[in-house]
Amino acid sequence: MLKRLRKLLPPPAHPVEPGRPDGWAAVERRLGTALPGDFKAFTQRYGSGTVDDFLYLFNPFAAGQDGNLVVEKDRVLAAYRQTRARFPDRLPLPPFPEPGGVLPLGRTDNGDELYWVTDGHPDRWPVALVESRAALQELHAMPVTGFLAALAANQLTSHILPADVLGRPSHQFTPLG
């Protein structure tokens with residue numbers, strides 16, 4: 001998937017905060033789980049940045065607290081738990097670390113959130129998209145790089161993401177900074 005994504009959404013020549021390959025073990029210890037290999041490869045190749053100035057994936061190597069996967073995990077899950085308690089029928093997936101629970105992955109400028117569904121081996125975790133305003137959940141049965149590649153190819157179907165993002169003539173990754 002990463003190879004296809006690189007063709008559709010070229011990575012920056014000089015990624016911002018890409019981390020080091022030997023830094024993942026400490027990240028995974030702090031999170032309490034292994035992470036998908038495609039996400040690690042994406043982070044090392046793309047670093048911190050946005051897709052279409054709209055979608056941001058959390059980066060465990062981000063210097064600040066905003067956007068740092070390790071820091072955001074607890075904040076985002078606390079809010080998810082509160083919203084789920086009010087709307088259990090709209091958010092059926094439990095929060096991590098419950099079996100099959102959602103683990104924060106990123107967010108959009110609209111406040112929508114992306115999660116992994118931690119069911120089975122990390123390399124097979126699908127992506128869940130949660131709309132912030134209506135507490136609606138959408139499941140995409142693909143890894144995160146597949147989700148981004150489908151978006152970049154204008155092949156992603158979503159009732160949550162705006163039509164102008166889904167149907168752009170071209171998509172771009174912009175490094176932070």
Review point. Would you find more than 12 non-hydrogen atoms of other residues, nucleotides or ligands less than 6.0 Å from R30 atom CZ?
Key: no
Check your understanding: Is the number of heavy atoms from other residues, nucleotides or ligands within 6.0 Å of CD (Q65) greater than 12?
Key -> no
Heavy-atom closest pair, residues [X] and [Y]:
X: K73; Y: L31; value: CD-CD2, 3.5 Å
X: A150; Y: R4; value: N-NH1, 4.2 Å
X: P36; Y: W116; value: CG-NE1, 3.5 Å
X: L93; Y: G100; value: CD2-O, 4.4 Å
X: R81; Y: P97; value: NH2-CD, 4.2 Å
X: V27; Y: P60; value: CG1-CB, 3.5 Å

Would you be so kind as to tabulate the donor-acceptor pairs closer than 3.5 Å made by side chains of residues 162-169, with sequence neighbours excluded?
| unit_1 | atom_1 | unit_2 | atom_2 | d |
| --- | --- | --- | --- | --- |
| R168 | NE | D164 | O | 3.3 |
| R168 | NH1 | D52 | O | 3.1 |

Could you tell me whether the side chain of [Y] reaches within less than 4.5 Å of the side chain of [X], counting heavy atoms only?
X: P15; Y: Q44; result: no
X: L91; Y: R86; result: no
X: E113; Y: S132; result: no
X: F42; Y: L148; result: yes
X: N59; Y: T43; result: yes
X: P92; Y: Q137; result: yes
X: Y46; Y: L2; result: yes
X: F96; Y: V76; result: no

First locate atom [atom1] of [X], then atom [atom2] of [Y], and finally report the distance between them rounded to the nearest 0.5 Å.
X: F54; Y: D109; atom1: CZ; atom2: CG; result: 6.5 Å
X: L55; Y: L151; atom1: CG; atom2: CG; result: 7.0 Å
X: E131; Y: L161; atom1: CD; atom2: CG; result: 9.5 Å
X: S48; Y: F173; atom1: OG; atom2: CZ; result: 7.5 Å
X: D112; Y: L129; atom1: CG; atom2: CG; result: 6.0 Å
X: T145; Y: L5; atom1: OG1; atom2: CG; result: 6.5 Å

Exercise for review: Take K40 and L35 through the test side chain to side chain contact (heavy atoms under 4.5 Å, CB included) and record every step on the way to the result.
Suggested key: CA-CA 7 Å; K40 294 179 196 179; L35 292 172; 4.1 Å; yes
Tell me whether [X] shares a hydrophobic cluster with [Y], the cluster being built from Ile, Leu, Val, Met, Phe, Trp, Tyr side chains joined at under 4.5 Å.
X: L8; Y: Y56; answer: no
X: L136; Y: V117; answer: no
X: V127; Y: L139; answer: yes
X: V71; Y: L105; answer: no
X: V16; Y: F61; answer: no

Quick one: does [X]'s side chain have a donor or acceptor within less than 3.5 Å of a partner on [Y]'s backbone?
X: H121; Y: D123; answer: yes
X: E138; Y: H159; answer: yes
X: R107; Y: L114; answer: no
X: E72; Y: G67; answer: yes
X: R133; Y: N110; answer: yes
X: E17; Y: A63; answer: yes

Review point. Please walk me through it: do H171 and N154 pass side chain to side chain contact (heavy atoms under 4.5 Å, CB included)?
Key: CA-CA 9 Å; H171 298 268; N154 293 336; 2.6 Å; yes
Check your understanding: Given the side-chain rings of F39 and W125, with only the six-membered ring counted for Trp, is the space between their centroids under 6.0 Å?
Key -> no
Practice item. For D66, enumerate each residue passing the salt bridge (Lys or Arg N to Asp or Glu O under 4.0 Å) test, keeping only those at least two apart in sequence or located in another chain. Key: R75
